[in-house]
Amino acid sequence: MEDKVKDTIQTGSDKWWKRAVIYQIYPRSFADSNGDGIGDLQGIIAKLDYLEDLGIDAIWLSPVCRSPQDDNGYDISDYQDIDPMFGTLDDMEALIREAGRHHIRIIMDLVLNHSSDEHRWFQEAKKSRENPYHDYYVWRDGVEGEAPNDMRAAFGGSAWEWVPEVGQYYFHQFSVKQPDLNWENPRLRREIYDMINWWIDKGVGGFRLDVIDQIAKEPDKKITNNGPRLHEYLRELSRETFQKADLVTVGEAWGATTELAKLYSNPDNSELSMVFQFEHICLDQIEGKEKWDLAPLPFMKLKEVFARWQTQLCGRGWNSLFWNNHDLPRIVSRWGNDGQYRVESAKMLAILLHGLQGTPYIYQGEEIGMTNVQFGIEDYRDIETLNLYRERLEKGYSREEIMRSVYAKSRDNARTPMQWNDEENAGFTQGTPWLKVNPNYTEIHAAAQVNDGDSVFACYRKLVHLRKEYPVFVDGDFRLLLEDDENIFAYTRTNKDSRLLVICNFYDRTVRFSLEEDISDMELLVTNYRETGSAGTLRPYEARMLYLKK
Ligand code: GLC
Ligand code: CA
């Protein structure tokens, strides 16, 4: 086989998304153009220059389709229309077009595990057992007047809801307003493919697939994720839709192991481009419990998890790289330091992640080092947070204890409005924001950072551009260094003609190190301190990314 061909097969470096950096927008919190307090599509269009300056290749847009907003749009009532809160279908087409002019593709969020209970299909489905749409959802008879089994929904309560009209329960893994779709029904699958192809024809650049590992459920056996038919469905889905265009597809898969990820992201393109896996991000909770049951981050385990995913998927799949999204707390507050070392630690976390193999994702506000918030419970809006608060109060937890969990893990940490400038409401809206702005916006905002070469923003911009310039970011092999060091995360990425070395102090104390290899010839690509440090020590949160052409 010709070398070039072989190379392409091994690294898949022909794929645009292997060199790309993707930026996630949570539309309701990004930019409000009409003063109703909710971010919208025209708001995003107005910020495309900012995003082009950052250098990102694509925007993953959290759901903007028509929805009663029980779970902020992850409950879709019409997959082929835009929610009026965000704009119109014309606005969506304008966004795709305008983003294209800025060399940015639009990735839609497909919520295929469930729809809204207000979707036309469900409205029909609950009329009678004979209705043609009935079987689009997952129904079971009760057992002795009770729900079929004791399965629980992710947002609290039973996973079964009784519908008197049909005398059956429907299954919902999330809220009662998010009935699960029945993927066993081929007519439902066909409707989904037609809908996806309609979006592809509109020119979208790809899709993020919400909780995709949960579509092949078998509730009678209490199987929620990784059901037996999952990969069969995914291959059919991919064949009928994604493979017709040069798209990026990323599945959300909480239950993915490296073995499963190799199936999902097989370089033969039979399923998806990559998955979001959460092994690293679930480390700071008590094992076997919920995310609210806080535990300190086991740093050595974090290194082990990253190293395993990096080596296992190399040449056999593809990683997604992320610290943040709309469901996760802000990384600088979580594993960095949002006090004295906010800027240093935000940059360190960026440098650590962006040197790895995979496609990096930046969640809105991460690029300026936005932090968690601490509101009174009455100011939270997230359904998961509010249900948790109620449930734990009933179970006898103290308010203080619950709020500690909420401050650390509530999804609203990531959902406070984007901090654009130091004007009222951080420049997000002229009206009253749907969720309060983080009071630290007077200090932390984009306007102060875009023209400052020392800002967190400048560091992200640099990292995004480096990935395009140096092929080693895409195809270099990963090797963990200083494996037993309890403070430092260090690794190399090596390809046939160059080497990248990343070394990061994860903590707020100065540490010493010595590497086996001589790094004195290497060029410093990025760091997070202005004054050059000394060779064998790292200052608090100090990070260096070095490069050598062999
Ligand atoms: C995913 C989404 C989350 C949503 C859930 C149900 O985990 O990221 O925001 O609540 O699916 O759709
Ligand atoms: Ca608006």
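Note that ligands are numbered from 1 as they come in the structure, with each ligand's atoms numbered from 1 the same way.
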Worksheet item: Rounded to the nearest 0.5 Å, how far does OH of Tyr26 lie from CG of Asp109?
Response: 10.0 Å

Item to complete: Using the ring of Trp16 (Phe, Tyr or Trp, six-membered ring only), decide whether Arg105 places NZ or CZ under 6.0 Å from its centre and within 45 degrees of its axis.
Response: yes

Discussion item. If you count every heavy atom of other residues, nucleotides or ligands that lies below 6.0 Å from Gln123 atom CD, does the total exceed 12?
Written reply: yes

Practice prompt. Using distance alone, with no hydrogens and no angle criterion, decide if His134 and Gln168 have a side-chain donor and acceptor under 3.5 Å apart.
Written response: yes

Item to complete: Among Tyr363, Phe278, Phe306, find the residue that satisfies the ring-ring contact (aromatic ring centres under 6.0 Å, His included) test when tested with Trp323.
Response: Phe306

Using a cut-off of under 3.5 Å, which N/O atoms of ligand 1 pair up with protein N/O atoms, and what distance separates each pair?
unit_1, atom_1, unit_2, atom_2, d
ligand 1, 7 (O), Glu252, OE1, 3.2
ligand 1, 7 (O), Glu252, OE2, 2.9
ligand 1, 8 (O), Arg208, NH2, 3.1
ligand 1, 8 (O), His326, NE2, 2.8
ligand 1, 8 (O), Asp327, OD2, 2.5
ligand 1, 9 (O), His326, NE2, 2.9
ligand 1, 9 (O), Asp327, OD1, 2.8
ligand 1, 9 (O), Asp327, OD2, 3.4
ligand 1, 9 (O), Arg411, NH1, 3.3
ligand 1, 10 (O), Asp71, OD1, 3.3
ligand 1, 10 (O), Asp71, OD2, 2.5
ligand 1, 10 (O), Arg411, NH1, 3.0
ligand 1, 11 (O), Asp210, OD1, 2.9
ligand 1, 11 (O), Asp210, OD2, 3.1
ligand 1, 12 (O), His114, NE2, 2.9
ligand 1, 12 (O), Asp210, OD2, 2.8

Worksheet item: Taking atom types as modelled, is there a side-chain donor on Gln178 or Ser116 under 3.5 Å from an acceptor on the other?
Response: no

Discussion item. I'd like to know if the side chain of Asp32 pairs up with that of Trp434 as donor and acceptor (distance under 3.5 Å, no hydrogens or angles considered).
Written reply: no

Item to complete: Return the set of protein N, O or S atoms whose distance to the Ca ion (ligand 2) is under 3.0 Å, each given as residue and atom.
Response: Asp32 OD1, Asn34 OD1, Asp36 OD1, Ile38 O, Asp40 OD2

Discussion item. On the six-membered ring of Phe30, is Lys47 placed so that its NZ or CZ lies under 6.0 angstrom from the centre and within 45° of the ring axis?
Written reply: no

Worksheet item: Looking just at side-chain N and O atoms, do Ser333 and Asp338 make a donor-acceptor pair shorter than 3.5 Å?
Response: yes

